[in-house]
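Here's the structure we're looking at; comments come further down.
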Amino acid sequence: MKYSILFILLFFTNLAKANEVLSVNIPDTLAERVKACTICHGAEGKHSRDAYYPRIAGKLEGYLFNQLRHFRDGRRYYQPMAILLENMSDEYLQEIARYFASLNLPYPPPESITLQSSEANLAKKLAYSGDLKRNIPACSACHGKDLMGTAPFVPGLLGLHSTYLTAQLGGWHSGGLIRGKITNCMADIAKKLTYEEINAVAKWLATQPVSGKPANHLPPEMAQRCVSIVSENGEAR
Amino acid sequence: MIPSMRIIARESKNNFLFLVYMLTLLMVAHTAVVNASPENSTLSERRQAQGEYLARVGNCLGCHTAKGGRPFAGGHRLLTSFGTFITPNITPDKETGIGSWSEEDFWKAMHEGKSRDGKLLYPAFPYTEYTKVTRADADLIFAYLQSIPVVSQSNPPHEIRFPYNSRPLLYLWRALFFKQGVYEPDQSKSDEWNRGAYLVQGLGHCNACHIARNVLGAIQEDTVGGGQIMGSNWYAPSLTSRQEAGSMHWAIEEIIELLSSGVSQRAMTSGPMGTVVRQSLQYLSQDDLRAMAVYLKSIPESNAQPEVSYPEMPENVRKYLAQGEKLYKRYCEGCHGVTGQGASGIYPALAGNRSVTMTIPANVIRSVLNGGYPPTTAANPRPYGMPPFQQIIRDEEVAQVVSFIRNAWGNRSSLVSAIDVGQSRGSSY
């Protein structure tokens, strides 16, 4: 009995020593540091394992940085993101945003959803012309003629899943938990949309192939209308 | 040289001269300011700077700032078992802050737990600890708080449940549980030890979390004995227990490292403790950190459990753990290692990790569910993180893998079930 205890003790002592020797070798890279992100957003942020998690690779740095701060500071709500980012500095979030923005990876083919021609027409009209009578601008007015976003803060709309797009527009529309805490031009616009329009736009956007580039500037009237987004640069608002 | 280039050269030379001129001006101005400072940096400015440091130690900002809100303007929601407390604005705004308070008013709040109008304060404001703060330090903190930018912001009232919303009950509570009095140094101990005890028990209010509370929210023991953090599913481990976070067997340097950087060779701060490191502890002077470490290390380990001999595991338990092992190999081993050895200062070792084996499994379950990054600090500005596995695996699987790591590589602790995992979800923090 005594010997067996001694043996067990010795075994554990040796194990403890072995542990020190075997310390896992971890690469000193940002890719390693952001594994907590890529487990959901896909390896290298390329695609998602689940339709809901959006692609973050290749998005505009300014947009990513703002979203990271919004999640951390409670302006955009999603509990897993809020908990992850709770104690991270602006400097580190900026570095992480720069990293994902710099990834230049091929896009997967667009989602294959069948749209009725009336839905497609409605979506195209909203995307490129808007509905001026209801003061709804075209998506392309802010998100660029290619719908690939406008530097530095306005995100591209292509290469995202319809589920994600519907959830975001729906969140703004209903003032729900996810997006309802932000009052800005996008929330105003989404509130004017009908559910039919939200579904049509989300589905249509998800079926578009990704091509083109982000625009460089917002048109002046949109910069004015979306001043709270444009002025987010570095401001702790 | 072609003419246009000459012009550019002349222009850049002029620019250069202008720059030198401006720099000289700046330096002269700067020197003037520096020279003037001993006289002009008035006593009050120096007091404000000292007060700012003490406010960091007491982490006033942490509770008196809403998520993403203006500093010290209040509005932070403190969830407790009695309801939600909404912290007040402590900027020097006369209407909505403490701009019309006097030093005496502030002292009454800190020392006696009474508001300016004589109303008793709820002990969500940790005056049960702040009462140990000296008058001199309280005055310095007040001087600082009166110097910060004014923010006009009214905050909503507390949402406290019946019967706790009756302030007269506080008289009773205080009579039973509040001991007023400034920290009294223990003459048999060193100045350093006493400084540490003053910071840990008083201004640092470690007891606000690291203590078991009774159903009335009162502290049950005298010393940092560990407890469930109110309104969250985190457990603040006992600082007096070898099985939890007692540091009697730690080197002073390692305690300092953990408190100031958020990580050390064998430990990592997460959850509310990570926040305390980010907001407060990382800014402490080396002397104060050392004093705290000396005091913490000296706390005797009170509830050392006797060595228990474990019976042989029954077959069904071994099967359950084998399921957990499979999951471990798939999701965890890449970072935490084949023998749970971890990577020093990057990914914590799980073998021999007290957070893993503590009787109350709340923290290890939360870490698997939510993942997280240790705080960014000057010493660890780019931390590595743990993914939120609730996005990837089911509660039953979380229970299996947690049970496995609690019983592998020499670890031995109770099994956890999917019900335990479910109970650890659902709080906002």
Side-chain angles (χ1 to χ4, degrees), chain A residues 1 5 8-9 11-30 32-41 48-50 52-53 69-93 95-96 181-182 236-237, chain B residues 66-71 262 265 269-279 309 331 333-347 349 351-352 366 369-378 380-392 409-410 425-429:
Chain A
M1 182 63 195
I5 291 173
I8 289 167
L9 278 176
F11 176 73
F12 285 140
T13 326
N14 284 337
L15 199 65
K17 275 185 190 155
N19 286 350
E20 282 163 33
V21 178
L22 289 170
S23 180
V24 184
N25 202 9
I26 303 297
D28 184 6
T29 59
L30 209 60
E32 177 71 24
R33 286 178 166 84
V34 297
K35 270 182 167 175
C37 317
T38 50
I39 196 162
C40 290
H41 292 278
S48 53
R49 54 171 288 284
D50 180 317
Y52 186 75
Y53 304 110
R69 289 192 299 175
H70 289 342
F71 281 123
R72 182 194 61 189
D73 299 337
R75 289 187 292 265
R76 182 174 174 182
Y77 189 77
Y78 185 56
Q79 197 206 26
M81 288 296 289
I83 293 176
L84 270 188
L85 303 175
E86 170 89 26
N87 284 313
M88 287 166 77
S89 67
D90 278 356
E91 292 75 21
Y92 197 27
L93 294 184
E95 189 183 348
I96 290 171
K181 291 190 177 186
I182 302 184
R237 61 130 268 179
Chain B
K67 209 174 172 120
R70 305 281 299 276
Q265 199 185 336
T269 57
S270 51
M273 190 63 203
T275 306
V276 171
V277 168
R278 174 175 60 84
Q279 293 172 334
S309 68
Y331 295 113
E333 199 176 272
C335 295
H336 293 288
V338 182
T339 55
Q341 75 272 35
S344 177
I346 297 177
Y347 298 128
R366 287 199 65 104
L369 286 175
N370 300 319
Y373 280 85
T376 54
T377 55
N380 188 31
R382 304 161 75 231
Y384 293 76
M386 161 104 171
F389 280 98
Q390 64 176 336
Q391 314 295 108
I392 311 294
W409 326 295
R425 290 180 184 275
S427 89
S428 63
Y429 190 84

(Q) Is the shortest side-chain heavy-atom distance between B/Ser270 and B/Met386 below 4.5 Å? (A) no

Q | Which portion of B/Phe389 sits near chain A, non-hydrogen atoms under 4.5 angstrom | A | side chain

Q.
Heavy-atom cut-off 4.5 Å, strictly under: side chain, backbone, both or neither for B/Gln390 against chain A?
A. side chain

Q: Please state whether the side chain, the backbone, both or neither of A/Asp28 comes within less than 4.5 Å of a heavy atom of chain B.
A: both

Q. Under 4.5 Å between any side-chain heavy atoms of B/Arg278 and B/Thr377, yes or no?
A. no

Q: Return the minimal non-hydrogen interatomic distance between A/Val24 and B/His336, and the atom names on each side.
A: CG2-C, 4.0 Å

Q: Measure B/Arg382 against the heavy atoms of chain A and call it side chain, backbone, both or neither at under 4.5 Å.
A: both

Q) With a 4.5 Å heavy-atom cut-off, do B/Thr376 and B/Pro383 have their side chains touching? A) yes

**Q.** For chain A, the option from B/Gly352, B/Gly371, B/Ser344, B/Ala343 that forms the most heavy-atom pairs under 4.5 Å
**A.** B/Ala343

Q | Separation between OG1 of A/Thr38 and CD of A/Glu32, rounded to the nearest 0.5 Å | A | 9.0 Å

Q) Quick one: CG on B/Asn370 to CZ on B/Arg366, what's the gap to the nearest 0.5 Å? A) 5.0 Å

(Q) Taking side chain as everything from C-beta outward and backbone as N, CA, C, O, which of these in A/Glu95 sits under 4.5 Å from a heavy atom of chain B? Side chain, backbone, both or neither. (A) side chain

Q.
Taking every non-hydrogen pair under 4.5 Å, which of B/Pro388, B/Pro374, B/Gly262 racks up the most with chain A?
A. B/Pro388

